[in-house]
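Report on the following structure.
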Amino acid sequence: DNKQGNILSFFKKV
Amino acid sequence: MFEVRLVQGSLLKKVVEAIRELVTDANIDCSSTGLSLQAMDSSHVALIALLLRSDGFEHFRCDRNVSIGMNLANVSKILRTAGNDDIITLKADDDGDLLTFMFESPNQDRISDIEMKLMDIKSEHLGIPDAEYEAVIKMPSQEFLRICKDLSNIGDTVVISVTKEGVKFSTRGDIGNANIVCRQNTTLDKPDDSTIIQMKEPVSLTFALRYMNSFTKATSLSSSVTISMSSDLPIVVEYKIADMGYLRFYLAPKIED
């Protein structure tokens, strides 16, 4: 099964 | 002082209904540019970005940048008391902890106001880089709603694949497999019914259907939806808000374990 990705691994906090 | 007046108040009702399932509490950031909101769902899988530009309001006053923290379930309860044709005014004092909603019926024979307590929400902003997406699909929002709903009957995830043949939505489940292929279809007399596929590179990504279905709660905001995909980025599902801005949903793909 595929693992759910996380938004924070694509977009960084500013 | 913050005071904005939106003639088409139903837009605000639709926006809140579209996002309240994903986000419980959020800050609306107010500046001279307009109202914006950025929020993630509690598991940090999806990100919502809303923009309502100031020139889309009949009246827009925002003396200094403010963040108005609110519980969206409470906002929804309040907006449900507004008629669909009502003009909505929002106002808050600079240092107050209340937001006033005023609803005016179109012929001004009923005016109501409701004060809502605000919340102090720690806001976290994410930088969303401008990206050239490998594939961009514009299609009728009703068609996208139907695809997500139909596939949910079969499986939990959707693989969206864009090739020069078109865009394919696929799922697998215990009862079997399903594929829906949409091809480019430019209906000149009815541009809203068109499906337009712009592809630089073939791209295929897997997503949780539960989130996609949640995004389609925004269907009534726009007759078309734009889906942007790149192999190394979250998908963007965008509903334009008539001449005012947009509601965008970003969803992180599922990745191979």
Side-chain angles (χ1 to χ4, degrees), chain A, chain B residues 22-23 27 29 36 38-49 122-131 133 155-160 170-174 204-212 214-215 228-237 248-257:
Chain A
D1 226 11
N2 290 340
K3 192 178 137 203
Q4 176 60 59
N6 188 308
I7 282 287
L8 292 170
S9 59
F10 296 95
F11 301 150
K12 299 297 167 210
K13 288 180 185 172
V14 288
Chain B
L22 283 170
V23 177
N27 276 320
D29 298 312
S36 62
Q38 197 199 75
M40 278 184 288
D41 77 303
S42 59
S43 33
H44 298 171
V45 171
L47 173 78
I48 292 168
K122 187 173 162 263
S123 65
E124 286 179 333
H125 274 88
L126 301 184
I128 303 171
D130 282 332
Y133 285 88
D156 297 328
T157 60
V158 57
V159 180
I160 307 179
S170 310
T171 193
R172 290 171 175 277
D174 293 341
S204 180
L205 291 166
T206 305
F207 300 98
L209 271 170
R210 185 168 69 86
Y211 283 95
M212 288 292 179
S214 185
F215 302 164
S228 304
M229 287 171 60
S230 276
S231 46
D232 53 353
L233 284 172
I235 193 171
V236 192
V237 178
R248 289 180 186 151
F249 298 96
Y250 296 82
L251 179 61
K254 289 194 162 235
I255 41 185
E256 280 182 35
D257 215 349

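These numbers come from the heavy atoms of this one structure, side chains and all, not from hydrogens, waters or symmetry mates. Convention: sequence-line order gives letters A, B, ...; per-chain numbering from 1.
Neither the backbone nor the side chain of Asp41(B) comes within contact range of chain A, judged by heavy atoms closer than 4.5 Å. If you measure heavy-atom distances from Ser43(B) to chain A, the contacts under 4.5 Å come from the backbone alone.
Within a 6.0 Å sphere centred on NZ of Lys12(A), heavy atoms belonging to other residues, nucleotides or ligands number more than 12.
Contact detail for Asn6(A) and His44(B): the closest heavy-atom pair is OD1-O, 3.1 Å. Across all non-hydrogen atoms, the minimal contact from Lys254(B) to Asn2(A) is CB-CB, 3.7 Å. Heavy-atom minimum distance, Ile7(A) versus Leu126(B): CG2-CD1, 3.6 Å.
Highest contact tally toward chain A, considering only Ala208(B), Pro129(B), Pro253(B), Pro234(B), is held by Pro234(B) [criterion: heavy-atom pairs under 4.5 Å].
When side chains are defined from C-beta on, Phe11(A) counts as touching Tyr250(B), because their heavy atoms get closer than 4.5 Å.
Between the CD atom of Gln4(A) and the OG1 atom of Thr206(B) there is a distance of 10.0 Å, given to the nearest 0.5 Å. Distance check, rounded to the nearest 0.5 Å: CG of Asp232(B) to CZ of Phe10(A) gives 8.0 Å.
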